[in-house]
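The structure appears below as structure tokens.
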Amino acid sequence: MQLEVRMISVSETIEIIKANIETLCVEKRPLIDALGHVLSADVLAKVNVPSFDNSAMDGYAICFENGNNEYQVAHQIQAGDTNSYYLKANEAARIYTGAPVPSNANAVIQQELVSTSESLISFDPEKITLGMNIRTTGSQCVQNQLIASKGVLINSAILGLLASAGVFEVEVFKKPVVSVIITGNELQKPNYELEFGQIYNSNEFALVGLLKSLGITQIKTYQVIDELTEVEKTIQTALGESDFLILTGGVSVGDYDFVKLALERNQVNTLLYKIKQKPGKPLLVGKKKDKWVFALPGNPAAVITCFNQYVKPCLLAISGYKKTFEPIAVLPLKNSFKKSAGLTFFVKGRFDYQGVEILQGQESFNLLSFNVANCIVKIDENTETLEIGSLVEVYPLD
Ligand code: AMP
Ligand code: MG
């Protein structure tokens with residue numbers, strides 16, 4: 001006789017997952033390959049930025065003296081010029097943005113404010129303020145200054161910041177190696193014709209895409225028939241090759257659903273199984289030592305939703321990201337919604353700055369509304385009716 005498993009709530013599920021999160025090891029990466037990683041150590045500037053006083057404008061560098069508004073252009077200084085210049089009395093240098101200013105220059109006057117006659121320039125001395133248009137050494141940051149702290153997610157702008165300070169390698173949390181096992185006798189590849197009773201294997205495409213969109217590059221995929229020994233063997237192989245295992249299908253209570261038993265036979269410790277939610281009730285989460293296992297149900301919309309709500313936040317958290325389980329916003333509903341109490345609903349939605357619309361076609365096999373969806377909306381377990389304008393939590397899709 002099979003024991004009835006107590007279903008747990010969505011919030012309990014998240015607490016259990018969070019309580020088991022440990023970040024992966026750290027590694028050094030070349031800056032160019034660090035996008036989407038989280039810093040595991042503070043980063044200090046290698047150099048002063050800028051490393052020399054330079055011009056913020058195309059114009060003329062002068063050593064301004066009160067009363068003197070005429071100067072002789074004695075030098076041309078282009079960006080990248082490696083010489084040092086010094087201005088004698090009444091001398092100016094034609095200078096361009098980013099070029100080093102002469103060592104005794106105290107202003108750069110932009111060319112729009114200057115009248116030129118042959119090599120003589122003149123201007124209204126009222127327009128001069130000392131130091132104008134000179135970007136001084138270290139005005140962004142000085143050598144050894146902290147420029148990005150441990151825990152910061154490296155985005156493109158941070159790549160630029162770090163490169164500007166001469167940083168070419170960073171210490172970051174690793175991203176997991178992920179295996180995906182797709183179960184189901186009925187599955188066919190999309191480049192083959194379907195025989196009667198077959199369906200296309202969409203979960204593999206969705207999952208690999210979802211993983212890649214998180215910057216995960218080491219992904220192995222396996223497909224296996226619904227046979228206990230085959231499922232068991234494939235799990236063993238996949239666990240040996242990865243930090244994180246995702247399965248789809250075969251985790252429900254049908255006679256051909258072998259995933260749970262096969263995981264147990266592989267000494268995977270079940271952290272939770274069966275959640276009071278729709279879609280994705282028969283989700284199983286387990287661990288074998290520090291390796292994670294998420295066994296998702298087969299229904300394709302449930303796969304995407306469970307990935308978004310649980311797998312993605314867990315993958316990001318072990319990669320050093322913070323607050324990964326939080327909604328992106330709490331927004332007013334643009335349409336009303338009804339359900340019975342008892343299960344948390346995760347529904348496909350489309351949000352903008354004004355609010356969020358719950359889309360048509362919420363069945364767990366139905367992927368069609370993902371062509372316009374940009375989020376999952378959470379409707380709480382005990383909620384039955386939501387009127388227009390009710391506030392709901394919104395979780396973005398990639
Ligand atoms: P299961 O959880 O194995 O009982 O599968 C639930 C439903 O999802 C069934 O209708 C399956 O045919 C379908 N399904 C399972 N795996 C996939 C897959 N890889 N791609 C698309 N549909 C799937
Ligand atoms: Mg199946």
Side-chain angles (χ1 to χ4, degrees), residues 2 5 7 13 178-213 219-235 237-238 242 244-266 268 270 272-286 293-312 343 345-348 361-371 373 376 397-398:
Q2 195 164 14
V5 180
M7 289 209 290
T13 303
V178 182
S179 287
V180 175
I181 300 177
I182 306 289
T183 73
N185 291 354
E186 70 277 36
L187 302 175
Q188 183 57 284
K189 294 184 199 314
N191 51 333
Y192 286 80
E193 264 190 39
L194 291 178
E195 285 178 25
F196 181 74
Q198 290 186 322
I199 60 164
Y200 286 125
N201 170 12
S202 61
N203 289 345
E204 181 177 339
F205 285 79
L207 281 173
V208 170
L210 288 161
L211 290 166
K212 285 185 177 171
S213 72
I219 305 165
K220 293 164 200 267
T221 56
Y222 304 82
Q223 201 181 325
V224 65
I225 53 169
D226 295 311
E227 217 176 81
L228 179 58
T229 49
E230 290 299 310
V231 178
E232 189 182 334
K233 232 170 42 194
T234 311
I235 290 172
T237 309
S242 49
F244 202 107
L245 172 59
I246 304 170
L247 299 102
T248 78
V251 73
S252 196
V253 291
D255 288 349
Y256 300 99
D257 291 333
F258 296 119
V259 166
K260 189 167 186 293
L261 182 55
L263 287 170
E264 282 161 9
R265 288 196 180 180
N266 274 287
V268 172
T270 302
L272 61 99
Y273 178 50
K274 293 203 169 173
I275 307 174
K276 287 188 264 175
Q277 65 178 13
K278 192 177 169 181
K281 202 171 1 161
L283 174 69
L284 184 153
V285 183
V293 178
F294 279 77
L296 313 181
N299 273 310
V303 165
I304 294 172
T305 303
C306 288
F307 185 95
N308 201 61
Q309 300 308 116
Y310 305 113
V311 184
K312 174 169 83 175
L343 298 178
F345 275 36
F346 291 110
V347 289
K348 303 152 199 151
Q362 293 294 343
E363 306 87 351
S364 62
F365 69 89
N366 190 342
L367 294 175
L368 191 59
S369 54
F370 279 121
N371 73 355
I376 300 291
L397 289 164
D398 65 339

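Remember, it's 1-based here, ligands and their atoms both numbered in the order they're listed. In this chain, residues are counted from 1 in sequence order.
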Practice prompt. Give a yes or no on whether the backbone of Asp226 and the side-chain of Asn185 come within a donor-acceptor separation of less than 3.5 Å.
Written response: yes

Could you tell me which atoms of ligand 1, counted from 1 in the order shown, lie closer than 4.0 angstrom to a heavy atom of [X]?
{"X": "Glu186", "result": "11 (C), 12 (O), 15 (C)"}
{"X": "Tyr200", "result": "20 (N), 21 (C)"}
{"X": "Gly250", "result": "1 (P), 2 (O), 3 (O)"}

[atom] [closest protein heavy-atom partner, distance rounded to 0.1 Å]:
{"atom": "atom 16 (N) of ligand 1", "answer": "Asn203 ND2, 3.5 Å"}
{"atom": "atom 10 (O) of ligand 1", "answer": "Asn299 OD1, 4.1 Å"}
{"atom": "atom 20 (N) of ligand 1", "answer": "Ser202 N, 3.1 Å"}

Is it true that Pro300 lies under 4.0 Å from ligand 1, counting heavy atoms only?
yes

In this structure, CG of Leu296 is separated from CG of Leu247 (nearest 0.5 Å) by 8.0 Å

**Prompt:** Does NZ in Lys278 sit with more than 12 non-hydrogen atoms of other residues, nucleotides or ligands closer than 6.0 Å?
**Reply:** no

Notebook entry, point to check: How about Asn191: does its CG atom have over 12 heavy atoms from other parts shown lying under 6.0 Å from it?
Noted result: yes

Closest heavy-atom pair and its distance - [X], [Y]:
{"X": "Phe346", "Y": "Gln362", "value": "O-OE1, 4.5 Å"}
{"X": "Gly249", "Y": "Thr183", "value": "C-OG1, 3.1 Å"}
{"X": "Glu193", "Y": "Tyr200", "value": "CA-OH, 4.1 Å"}
{"X": "Gln277", "Y": "Leu343", "value": "N-CD2, 3.6 Å"}
{"X": "Gly280", "Y": "Ala302", "value": "N-CB, 3.9 Å"}

Looking only at heavy atoms, is any part of [X] under 4.0 Å from ligand 1, and if so is it the side chain, the backbone, or both, or is it neither?
{"X": "Ile199", "answer": "side chain"}
{"X": "Val251", "answer": "neither"}
{"X": "Ile182", "answer": "side chain"}

I want to know if ligand 1 touches Glu204 in the polar sense, i.e. an N/O pair below 3.5 angstrom.
no

A student comparing Asn201, Asn185, Asp257 should find that the heavy atom closest to atom 19 (N) of ligand 1 comes from Asn201

Heavy-atom proximity to atom 5 (O) of ligand 1, picking from Ala301, Gly298, Ser364, Ser252, points to Gly298

